[in-house]
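Each remark here refers to the structure printed beneath this line.
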Amino acid sequence: MTVSVRLPDGKQLSVGDADTALDVARGISEGLMRAVAVAEVNGKLVDATLPLASFAQGDEPVDLRLVTDRDPEGLAVLRHSAAHIMAQAVMRLHEGVGLAFGPTTATGFYYDFDLKEPISESDFPAIEAEMKKIAGEKLTFERFDLPRDEAVELVGGMNQELKVEHIQTGLAEHPTLGFYRQGEFVDLCRGPHIPTTGKLKAFKLMSVAGAHWKGDQSGRPLQRLYGTAFFDKKALKAYLSQVEEAKKRDHRRIGQKMDLFTINPEVGQGLVMWLPKGATLRYTLEAFLRDELIRRGYEPVYSPHIGSVKLYETSGHFPFYRDSQFPPLYEHLAGPIIDKMVEQLRAGVPADGPFMQEYELLNAAQKLGFDGDYEIGAGADDKRKMLEEWQAKTDRFLLKPMNCPHHAMMYKSRPRSYKQLPIRFAEFGTVYRHEQSGELNGLLRVRGLTQDDAHIFCTPEQVEHEFAETVELVKLVLEAVGLNDYRVELSLREPGSDKYIGSDEDWDAAEATLRSVLKKSGMEYVESPGEAAFYGPKLDFQVRDAIGREWQLGTVQLDYNLPKRFELEYIGSDNKPHRPVMIHRAPFGSMERFVGVLIEHFAGAFPLWLAPEQVRVLPLSEKSNKYAKDVLKALKEAGFRATFDEQDGKLQAKIREAQLDLIPYMFVVGPQEAEKGAVAVRDRIDGDLGAMPLDDAIAKLREENDARTIRQIAEKTDFEGFEAASDVGGEY
RNA sequence: GCCGUCGUAGCUCAGUGGUAGAGCGACGCUCUCGUAAAGCGUAGGUCGUGGGUUCAAAUCCCACCGACGGCUCCA
């Protein structure tokens, strides 16, 4: 018997029953065979070691593509196999290792372990050495399939409880399950894998981290070992040096070096203090956007930093986002105690009768002047109601978690006519969120942030146009600062979830509008179910940071719900009240995150229009100080952010310092320049441009500044060449 | 919040139980300089905080605080 095989170039050949993809490769060349990582048969990735005959369907030829070490899918398969090898090594070195999952990631792989004694980075050399040994053993990855009951028996016999649980719950619909064996190591796995462990030549363990079984925080804590692998050592080395390079762009590092901002635990975690240079950068961005907004018919508003809890109960924020808000501020000292009591009563501890610390809490509350009706003998529900009544008549405030309720109230401050719409309220509004401490990250995730927020109130007919305009604005803003590498995500609700407010009809309408705008604009985007805001779907602009993590910057959100909750109205041409639609939008997202991403994007080397210090005047020696001061004055009068380097020292030293400070332009002045009213211009990028009249130099800079020219950005680390295909996972 | 790692001068880091160090920066003096580092000198640290072990702790142990990498979350 023979099987007919068709290669991607259309060539057909016939192979024996037992022949595998590797055999086909060997038939073409030995080199090709050595390069084969995996096979793509009839469009599916499978082990190159399986007989091709097993994939034949009738007389149709089997489509075969040999996936080699040059293909991204090959890299992903290698990395997944590396995860198995790492697991094998860990099991050889430790007793009673429980295996969880070991998938590939964009830049490597990990495996989650349930370990008796924790592993730390100091264990890496031993694990790596064992992996090397396993690679040297050139063990074959051997696949076998078992029916469910035998599969459970097998993993149960190996004391792999997590795998047993996974087969019984996560994989309940699979009639048979795939396994891979390499040497003494057997793991439940969908595959495919590389032919033998010998293909693993270049790898490195990267880090160890905590994780939870199936991502459930209450689940069993696991240890996750991250690693990466490549087909050759050169690629691994290149990747590692790029990781190092990327770390140098970290905004936290640059922010400190350049005196842009500071975060100090004595002030508070996640609370950013903008130093003069960072503040100047932010101010410049804000001024740019503010001008753009006024031109587009936005009107400035200001709202206070705290708001009544009632306001957020109306908007729906208070119950929905309780956990990520700072606790309420009370006008009454007993407030927090009453809150605590209500919380316990709501949690039902116990349902009736006295609850934990009730007497102590009540006592304390009364000492602080609590005067509500409260009977210890009452039922839990009655007690809760009594306390809630007290809460309702006592003023409570939240640190503003969002600006929209305030803007909605501003809209409501007078009757509105359809002739006034759309109304666009804009504000750089500072909001506060109690992010979990482990989430905080420099400027990218903070507890106090300023949104470049605005809310557009419009008629349903105007929605599509307004939304499109807003999307265009976000694009314009991102492109003005040279952030062209972003991803657009359409965040939709998760079907069947109770995380959202509002009717299905409104959600359907909102989601349909967003899709329609996107289609008309021709923008590329991906849909993400479950990522919507609780009040409506949104369009998010995702940008990557220096080390490849994605962050959401700009966002445009469509909202039919808050207008309802706030009973917003306008009088239509029919002289009847109608409900407006709200569009929430923030092109930068937050000033903190935006500036953080911008710092990494430019590696601190901002274009002229954004640079906190645009020009530095360098006198040749103290003798030229007087003229240097004249030049400085002229620059300042021309509107430039300029300084004057007064320190002693050689010109070379001053230039070096200015270069390292990433100042776009240096004006060198000595006796020759002073005599002619000139300056010797030095460009940060192109170096010495020679002497020119001061007026000409200023005109040149003004042109570059006003055009917001971006002449060069530092080479950004591009991990793409190192990324494996992400949809090639070996895990079930 | 959870898991792990880490915390020494303004910054980068060395110092593994026995008198706290280097480079850069800062400050002072000399030099008055032509496109990426002039020379000399001085100051600066209760080694994150608190407790414990020890004759003796930056070093070993415990707790707390904070940072970092993940997880979970993210209006």
Side-chain angles (χ1 to χ4, degrees), chain A residues 105 110 112 115 118-122 206-226 247 250 252-253 256-257 259 263-266 268-270 312 315-317 320-321 323-325 400-405 431-442 444-445 449 451 453 491 499 531-536 538 540 547 549 551-552 555 557 559 562 584 586 589-590 593 618-625 647-661 666-673 680-684 687-691:
Chain A
T105 65
Y110 66 81
D112 284 347
L115 293 165
I119 279 181
S120 76
E121 288 186 21
S122 56
M206 302 297 286
S207 63
V208 49
H212 294 275
W213 173 238
K214 299 207 168 175
D216 178 4
Q217 227 186 114
S218 57
R220 193 188 306 225
L222 303 169
Q223 274 208 299
R224 176 170 298 179
L225 257 62
Y226 281 92
K247 280 186 193 155
D250 192 309
R252 290 165 295 196
R253 194 185 164 109
Q256 187 207 62
K257 211 172 75 186
D259 287 323
I263 299 173
N264 188 317
E266 284 184 45
Q269 284 184 286
Y312 300 104
S315 70
H317 290 106
F320 269 85
Y321 289 103
D323 292 344
S324 46
Q325 285 162 181
K400 181 167 69 174
M402 283 188 97
N403 301 304
C404 29
V431 298
Y432 297 90
R433 298 173 184 178
H434 190 89
E435 302 289 358
Q436 299 187 87
S437 63
E439 293 301 340
L440 300 173
N441 183 298
L444 300 181
R445 189 85 180 258
L449 55 132
Q451 297 177 317
D453 211 358
S491 298
K499 287 196 304 199
E531 295 294 316
F534 75 94
Y535 48 73
K538 54 184 188 153
D540 294 324
I547 57 175
R549 294 178 293 204
W551 297 92
Q552 180 193 313
T555 177
Q557 310 175 358
D559 182 3
L562 287 189
H584 309 238
S590 80
R593 185 173 288 182
L618 310 179
L620 189 58
S621 76
E622 274 172 31
K623 287 178 192 162
S624 305
N625 277 5
Q647 65 180 335
D648 299 350
K650 293 178 70 170
L651 178 63
Q652 283 96 321
K654 294 178 193 178
I655 286 173
R656 181 180 142 86
E657 197 161 316
Q659 287 283 155
L660 293 174
D661 288 347
M666 288 153 255
F667 284 6
V668 176
V669 293
Q672 294 164 31
E673 285 76 19
V681 178
R682 184 183 164 100
D683 177 69
R684 177 182 70 202
D688 189 3
L689 302 182

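None of these values were measured; they are calculated from a predicted model. Only heavy atoms go into these numbers, but all of them, side chains included; no hydrogens, no water, no symmetry mates. By convention in this document, chain letters (A, B, ...) are assigned in the order of the sequence lines, proteins followed by strands, and residues within each chain are numbered from 1.
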May I ask you to say what [X] touches in the nucleic acid, namely base, sugar-phosphate or nothing, with a heavy-atom cut-off under 4.0 Å?
X        : answer
A:Pro221 : nothing
A:Tyr110 : nothing
A:Gly687 : nothing
A:Glu657 : nothing
A:Glu673 : base
A:Arg224 : sugar-phosphate
A:Gln552 : nothing
A:Pro405 : nothing
A:Leu618 : nothing
A:Ala680 : base

With rounding to the closest Å, how many angstrom separate the [atom1] atoms on [N] and [M]?
N      : M      : atom1 : value
B:rU59 : B:rG7  : C1'   : 14 Å
B:rC31 : B:rG44 : P     : 28 Å
B:rG15 : B:rU8  : C1'   : 9 Å
B:rC61 : B:rA57 : P     : 15 Å
B:rU49 : B:rA20 : P     : 16 Å
B:rC6  : B:rG45 : P     : 27 Å
B:rU35 : B:rC40 : P     : 23 Å
B:rC29 : B:rG66 : P     : 43 Å

side-chain N/O [X] vs [N] OP1/OP2, d < 4.0 Å:
X        : N      : value
A:Gln436 : B:rC2  : no
A:Arg433 : B:rC74 : no
A:Arg656 : B:rA38 : no
A:Asn264 : B:rA67 : no
A:Lys654 : B:rA36 : no
A:Gln652 : B:rA38 : no

Pair assignment for [N], Watson-Crick or G-U wobble, requiring both distances under 3.5 Å:
N      : result
B:rG34 : none
B:rC29 : B:rG39
B:rU5  : B:rA67
B:rU72 : none
B:rG18 : B:rC55

Any donor-acceptor pair under 3.5 Å between the side chain of A:Arg593 and the base of B:rC74?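 Result: no qualifying N/O pair found.
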May I ask you to verify whether the side chain of A:Asp648 and the base of B:rC31 hold a donor-acceptor pair under 3.5 Å?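 Looking at the base of B:rC31, it does pair with a donor or acceptor on the side chain of A:Asp648 (distance under 3.5 Å).
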Are the side chain of [X] and the backbone N or O of [Y] linked by a donor-acceptor pair below 3.5 Å?
X        : Y        : value
A:Lys654 : A:Pro619 : yes
A:Asp559 : A:Leu562 : yes
A:Arg445 : A:Leu440 : no

Return yes if a side-chain donor-acceptor contact under 3.5 Å exists between [X] and [Y], otherwise no.
X        : Y        : value
A:Asp112 : A:Gln223 : no
A:Arg593 : A:Gln552 : no
A:Glu439 : A:Ser437 : no

Just the rounded figure in Å: distance from [atom2] of [N] to [atom1] of [X].
X        : N      : atom1 : atom2 : result
A:Met666 : B:rG34 : CE    : C1'   : 14 Å
A:Glu266 : B:rA67 : CD    : C1'   : 15 Å
A:Leu440 : B:rG66 : CG    : C1'   : 11 Å
A:Phe534 : B:rC74 : CZ    : P     : 12 Å
A:Gln672 : B:rC33 : CD    : P     : 12 Å
A:Lys623 : B:rC33 : NZ    : P     : 4 Å
A:Ile263 : B:rA67 : CD1   : P     : 8 Å
A:Gln223 : B:rG70 : CD    : C1'   : 12 Å

From B:rA36, B:rG69, B:rU35, pick the nucleotide closest to the side chain of A:Arg252?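 Nearest nucleotide to the side chain: B:rG69.
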Between B:rA37, B:rG1, B:rU35, which nucleotide has the shortest distance from any of its atoms to the side chain of A:Ala653?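 Nucleotide nearest to A:Ala653's side chain: B:rA37.
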Should the pair A:Tyr535 and A:His317 be assigned to parallel (<30°), tilted (30 to 60°) or perpendicular (>60°) ring geometry? perpendicular
Contact summary for A:Pro221 and A:His212, nearest pair of heavy atoms: CA-ND1, 4.2 Å
